[in-house]
Each structure stands twice: as C-alpha cells, then as structure tokens.
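Just below is one structure, and these are the notes that go with it.
What you see below is based on every heavy atom in this structure, not just the backbone, and it leaves out hydrogens, waters and symmetry mates. In what follows, residues are counted from 1 in the order of the sequence shown.
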Amino acid sequence: MYLADGPEAEIIVSTEDVVAWGAIHRLRESGLAVPDDIAVAGYGHRMFSPFADEADWLTTIRSPLEEMGAAAVSAALDPLASDIPMPSPKIHLGGSTPDRTMR
C-alpha cells in the first residue's frame, strides 16, 4: 500500500465516490481510522455506500451536471450573453473528513 512507505498524507481525494469507498475499505483493513489517521473525500455525491448505514458519511462534491450543460448550451447559442447563470459545485461535508473550523 502506498501509505505504508510513502510520504505522510492528510487526505485522499478521489475522482469518484465509489473509489473513495474502496479507499476507505482498504484503509480500514490496514488498521487506519478515517478521518482520525487520514481523511477521505470523493466526487459525485452518489450517496451509495457498501457500508449500509454510512451513505451520508462520505465528504463528497456534487457538480450540477444538468444545470452546467444547460448553461453551456446557452453560452454556445448566445456567446455574447452576460446573464447566463453559472452553476457551482456543492460540497457535502460528511464524517470522512475532520471538522477543521476550530483550527
């Protein structure tokens, strides 16, 4: 495992929630506690977990794909428009990352 002899890391950020859940599973098997030893975050906000009662526990990012697509089409159809709303990703803070607000 990379963390066994690699540099110390504070967080693993995955490109997909399912991969983040796999990383959490492997970290737990290796005796590491999430988020105490290392934090994990995913992307997609799929709200699926192989750990039945932890679906909402993962910190993840949700991109509003439909809204982003609509904004892209609007911009393509009217490239000079300045009033096209640009949707932003939303972050779901779950328990897989520690609360850093008190630092």
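- Taking CD1 of Ile24 as the reference point, atom CG of Leu32 lies at 12.0 Å (rounded to 0.5 Å).
- Val34 and Leu93 are assigned to two separate hydrophobic clusters, defined by single-linkage of ILVMFWY side chains at heavy-atom distances under 4.5 Å.
- Applying the side chain to side chain donor-acceptor pair (under 3.5 Å) rule to Glu29 yields the partners His25; only residues at least two apart in sequence or on another chain are considered.
- Take Val19 and apply the side chain to side chain contact (heavy atoms under 4.5 Å, CB included) test, not counting sequence neighbours, and it matches Ser14, Glu16.
- Cluster partners of Ile84, by chain and number: Met86. The rule joins Ile, Leu, Val, Met, Phe, Trp and Tyr whenever side-chain heavy atoms lie under 4.5 Å apart.
- Taking Pro89 as the reference, Ile61, Ser63 meet the side chain to side chain contact (heavy atoms under 4.5 Å, CB included) condition, with sequence neighbours excluded.
- Interatomic distance, OG of Ser88 versus CZ of Arg62, reported as 11.5 Å (0.5 Å rounding).
- Of all heavy-atom pairs between Ala20 and Gly42, the closest is CB-CA, 3.9 Å.
- Every residue two or more places apart in sequence or in another chain was checked for a side chain to side chain donor-acceptor pair (under 3.5 Å) with Ser74, and none qualifies.
- A 4.5 Å side-chain heavy-atom check between Pro98 and Pro35 finds at least one atom pair inside the cut-off.
- Residues satisfying the side chain to side chain contact (heavy atoms under 4.5 Å, CB included) test with Ala76, not counting sequence neighbours, are none.
- Atom-to-atom distance recorded for Leu58:CG and Trp21:CH2 is 5.0 Å, nearest 0.5 angstrom.
- Note that CD1 of Ile91 and NE2 of His45 are 11.5 Å apart. Values are rounded to the nearest 0.5 Å.
- Leu27 and Ile11 fall into different hydrophobic clusters, where Ile, Leu, Val, Met, Phe, Trp and Tyr side chains are chained together by heavy-atom contacts under 4.5 Å.
- Looking at residues two or more places apart in sequence or on another chain, you find a side chain to side chain donor-acceptor pair (under 3.5 Å) between Thr97 and Thr59.
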